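Right, one structure below, let's go through it.
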Amino acid sequence: MHKSILYKLLFFAVIICGLSVNAQVLRKRTTLLMGGRFDITIVAKDSLSAEQNIDEVIAEITRIENLISDWKPDSQVSQVNQNAGIKPIKVDREVFELTQRAIQFSEATKGGFDVSFAAMDRIWKFDGSMTGMPSAEAIKKSVEKVGYKNIILDSVQSTIFLKLKGMKIGFGALGEGYATDRCRNMMLAKGIKAGIVNGSGDMTAWGRQPNGKDWNIGMTNPFHPDELFAVVPLNNGAVTTSGSYEKFVVFKGKRYSHIINPATGYPATGLCSVSVFGPNAETANGLSTSLMVLGQKEGLLLLKKYPHYSCVMITDNGKLVKSKNFKIKKFKAKL
């Protein structure tokens with residue numbers, strides 16, 4: 001399920017710069033990648049090494065973007081979309097396996113998450129121009145090209161075929177998480193023992209700050225966006241957030257999110273923010289979006305299938321809901 005990068009609930013790392021006995025230094029850089037903001041923090045033995053590793057992280061994210069962006073006409077994913085209903089397209093194994101995992105996620109959520117969401121006709125407007133709900137017929141038509149079951153994968157040939165003309169796949173709900181995981185693993189393989197890669201709120205962190213303390217992750221209050229409702233210590237893990245508080249419409253007293261259920265064409269209701277914690281940002285990324293779509297009850301049932309992941313939900317009426325396996329110490333929340 002797609003979530004607009006521009007309106008995702010952002011996390012901000014609260015970083016204390018300093019020197020440890022090992023004389024490590026911390027460097028941070030902010031840049032635009034994959035259509036959104038990336039904050040990259042690296043702890044290394046000296047400033048030059050830290051900056052060089054940030055360069056490598058940026059290069060890796062750019063490489064991934066050039067493979068999977070459905071906005072870049074020359075990307076492999078765009079080639080798949082342009083040939084929907086025509087022929088299978090051979091892709092790199094990396095793209096094939098990412099698509100394979102996305103389809104597995106689509107199956108696990110019974111279409112609440114759907115990698116083919118990109119074909120949705122955008123009939124809902126969240127710019128203040130809507131005066132009434134779209135008709136039931138228009139909503140049904142808006143998702144007629146969406147359907148992960150119409151994606152044909154050939155593992156031997158490493159091809160992807162979209163059966164229907166007009167179908168599209170997109171990784172707006174997995175791509176940043178996947179990229180942050182790749183960069184973390186790449187840095188760890190090089191011996192970089194600490195850092196954060198934050199892709200528009202989809203974040204992975206490893207190691208600790210130079211002063212030996214955990215990273216502190218500030219969580220934005222959806223009802224007061226200039227304030228934090230909690231600060232969470234994090235090391236060697238991922239956290240992602242899906243939120244709808246900035247983009248929504250209200251009809252007859254009911255609040256409709258900009259996050260659309262690809263199975264029905266109707267906006268998500270009931271939750272304004274979901275944050276998922278776990279070892280892998282790609283999985284957390286998919287879960288946070290799916291939980292927003294499925295809602296509190298069904299979302300918590302889905303999360304039980306992923307015992308290494310936990311969540312914090314905020315309902316539209318301001319109630320804080322934590323999954324039963326949420327065990328992050330020193331979590332203090334105030335809405």
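Values reported hereafter were calculated over all heavy atoms of this structure, with side chains retained and with hydrogens, waters and symmetry mates removed. Nothing fancy with the numbering, it's 1 onward along the sequence. All of these numbers come straight from a predicted model, not from anything done at the bench.
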Practice problem: Under 4.5 Å between side-chain heavy atoms, chaining through other members, with only Ile, Leu, Val, Met, Phe, Trp and Tyr counted: pull out the rest of the cluster around V156, sorted by chain and number. | Solution: none
Quiz prompt | Residues which pass salt bridge (charged side-chain N to carboxylate O under 4.0 Å, His left out) with E227, listed by chain and number, not counting sequence neighbours | solution = none
Quiz item: ring pair (Phe, Tyr, Trp, His ring centres under 6.0 Å): which pairs involve residues 88-111, sequence neighbours left out?
Solution: F105-F113, F105-Y306
Quiz item: Just by distance, with hydrogens left out, do T241 and S275 show a side-chain donor and acceptor under 3.5 Å apart?
Solution: yes
Quiz item: How close do T240 and M203 get, heavy atom to heavy atom, and via which atoms?
Solution: CG2-N, 4.3 Å
Exercise. Would you mind checking if K149 and E107 are paired as a salt bridge, meaning a charged N to carboxylate O distance below 4.0 Å?
Key: no
Exercise. Kindly write out the residues that satisfy salt bridge (charged side-chain N to carboxylate O under 4.0 Å, His left out) with E298, not counting sequence neighbours, or none if the list is empty.
Key: none
Please table the atom pairs, donor to acceptor, closer than 3.5 Å between any side-chain atom in residues 263-270 and protein atoms at least two apart or in another chain.
{"from": "T264", "atom 1": "OG1", "to": "Y266", "atom 2": "N", "distance (Å)": "3.1"}

Exercise. Would you check if the side chain of S288 reaches a backbone N or O of N285 as a donor-acceptor pair within less than 3.5 Å?
Key: yes
Quiz item: What distance separates N261 CG from M292 CE, expressed to the nearest 0.5 Å?
Solution: 11.5 Å
Quiz item: Is any side-chain heavy atom of L303 closer than 4.5 Å to a side-chain heavy atom of L287?
Solution: yes
Quiz item: Within a strict 4.5 Å, meaning less than it, do heavy atoms of the S116 and N150 side chains meet?
Solution: no
Quiz item: How about S49 and Q24: do any of their side-chain heavy atoms sit closer than 4.5 Å?
Solution: no
Practice problem: Can you tell me which residue pairs pass the side chain to side chain donor-acceptor pair (under 3.5 Å) test with a partner in residues 129-138, sequence neighbours excluded? | Solution: D127-S129
Exercise. Hydrophobic side-chain clustering at under 4.5 Å (ILVMFWY, transitive links): who's grouped with F248? Put none if nobody.
Key: V250
Self-check item: Backbone N/O of W206 and side chain of W215: donor-acceptor pair under 3.5 Å
Solution: yes
Self-check item: Between R182 and T204: side-chain donor-acceptor atoms closer than 3.5 Å
Solution: no
Quiz item: When rounded to the nearest 0.5 angstrom, what is the spacing between CG in D181 and CE in M186?
Solution: 12.5 Å
Quiz prompt | With D316 via salt bridge (charged side-chain N to carboxylate O under 4.0 Å, His left out) - residues at least two apart | solution = R255
Quiz prompt | Distance, nearest 0.5 Å, that separates NZ of K28 from CD1 of I40 | solution = 10.5 Å
Quiz item: Hey, does V276 have a side-chain heavy atom less than 4.5 Å from the side chain of V239?
Solution: no
Quiz prompt | Any donor-acceptor N/O pair, N325 side chain to P307 backbone, under 3.5 Å | solution = yes
Self-check item: Ionic contact status for E56 with R63, cut-off 4.0 Å
Solution: no
Self-check item: No-hydrogen, no-angle side-chain donor-acceptor test under 3.5 Å, R27 and T41
Solution: no
Practice problem: Could you list the residues that satisfy side-chain hydrogen bond (donor to acceptor under 3.5 Å, both in side chains) with N235, not counting sequence neighbours? | Solution: D214
Practice problem: Mark yes or no for whether T289, through its side chain, and G286, through its backbone, hold a donor-acceptor pair below 3.5 Å. | Solution: no
Exercise. Would you list the pairs meeting ring pair (Phe, Tyr, Trp, His ring centres under 6.0 Å) in which at least one residue belongs to residues 125-179, sequence neighbours left out?
Key: none
Practice problem: Would you check if I86 and N83 make a side-chain contact, meaning some heavy-atom pair closer than 4.5 Å? | Solution: yes
Exercise. State the CG-NZ distance between L162 and K145, to the nearest 0.5 angstrom.
Key: 11.5 Å
Quiz item: In chain order, what residues pass the side-chain contact (heavy atoms from CB on, under 4.5 Å) check against N185, with sequence neighbours excluded?
Solution: none
Self-check item: Spacing of CD1 belonging to I68 relative to CD belonging to Q76, to within rounding of 0.5 Å
Solution: 10.5 Å
Self-check item: Partner set under salt bridge (charged side-chain N to carboxylate O under 4.0 Å, His left out) for R101, not counting sequence neighbours
Solution: E282
Quiz prompt | side-chain contact (heavy atoms from CB on, under 4.5 Å) evaluation trace for M313 with L300 | solution = CA-CA 10 Å; M313 300 174 168; L300 290 174; 3.9 Å; yes
Quiz item: Salt bridge or not for D154 and K90, using N-O below 4.0 Å?
Solution: no
Self-check item: S78 and D70: side chain donor to acceptor below 3.5 Å
Solution: no
